[in-house]
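None of these values were measured; they are calculated from a predicted model.
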Amino acid sequence: RVVYVSASGDRETVVAPNGYSLMEAAINNGIEGIDGDCGGACSCGTCHIYVDQEWADRVPPPSDIENDMLDAVERRCDNSRLACQIKIAPELDMLVVTVATS
């Protein structure tokens, strides 16, 4: 399960299989603000999210490629990530992320 928080603070919990990316789970469940234009290739930044600080140390760190792509997004923060690069796993059950606004 993943909790997506909108810019207005609305929360939506979705269930998706382990191994799916947060982007795939968002798109399959109609989460607004996550487009995934590149299909998960880490080349567009349209799935920019903020990982809740409580979870920041529990998600794998960004790769160099993801870091480079994050340099191109608006409003990058320390907890910015691309949803296409984080895979759902049992240890991330109830992960909380906020959808970035453009």
Can you check whether Ser80 reaches His48 side chain to side chain, under 4.5 Å on heavy atoms?
yes

Locate the shortest heavy-atom distance separating Cys44 from Gly36; write the atom from each residue and the value.
SG-C, 4.4 Å

Do you know the tightest heavy-atom contact between Cys38 and Ser43?
CB-OG, 3.2 Å

Contact between Asn79 and Gln53 at the side-chain level, heavy atoms closer than 4.5 Å - yes or no?
yes

Between Arg75 and Thr101, is there a donor-acceptor pair closer than 3.5 Å when you use the side chain of the first and the backbone of the second?
yes

Does Arg1 reach the side chain of Leu92, with side-chain heavy atoms less than 4.5 Å apart?
no

Side-chain donor/acceptor of Gln85 to backbone N/O of Glu66, under 3.5 Å
no

Flag side-chain contact, heavy atom, 4.5 Å: Met23 against Asp35:
no

Walk me through whether Arg11 and Val96 qualify under side chain to side chain contact (heavy atoms under 4.5 Å, CB included).
CA-CA 9 Å; Arg11 297 167 87 80; Val96 178; 4.0 Å; yes

Are Asn67 and Arg76 close enough that a side-chain donor and a side-chain acceptor fall under 3.5 Å?
yes

For Asp64, look at atom CG and say whether over 12 heavy atoms of other residues, nucleotides or ligands are found less than 6.0 Å away.
no

Let me check something: do Val73 and Ile86 share a hydrophobic cluster, defined by ILVMFWY side-chain heavy atoms less than 4.5 Å apart, either directly or through other members?
no

Run the numbers on Glu12 and Val3 for side chain to side chain contact (heavy atoms under 4.5 Å, CB included), then give the verdict.
CA-CA 6 Å; Glu12 185 169 348; Val3 180; over 6 Å; no

Is the shortest side-chain heavy-atom distance between Val97 and Tyr4 below 4.5 Å?
yes

For Cys84 and Cys47 the tightest heavy-atom approach is N-SG, 3.3 Å

Work out which heavy atom in Ile27 is nearest to a heavy atom in Ile34; give both atom names and the distance.
CG1-O, 3.9 Å

Chi angles and distances behind the side chain to side chain contact (heavy atoms under 4.5 Å, CB included) call for Val14, Ile31
CA-CA 9 Å; Val14 302; Ile31 301 296; 4.1 Å; yes

Cluster link Tyr20 to Trp55, ILVMFWY, side chain under 4.5 Å:
yes

Can you find a heavy atom in the side chain of Leu70 that is under 4.5 Å from one in the side chain of Leu82?
yes

Taking C-beta and beyond as the side chain, do Leu22 and Ile49 meet within less than 4.5 Å on heavy atoms?
yes

Within the distance-only criterion (no hydrogens, no angle test), does the side chain of Asn28 pair as donor or acceptor with the backbone N or O of Glu24 below 3.5 angstrom?
yes

Within a strict 4.5 Å, meaning less than it, do heavy atoms of the Val2 and Ile88 side chains meet?
yes

Side-chain donor/acceptor of Asp37 to backbone N/O of Thr46, under 3.5 Å:
no

hydrophobic_cluster_shared for Val15 and Val99, side chain cutoff 4.5 Å
no

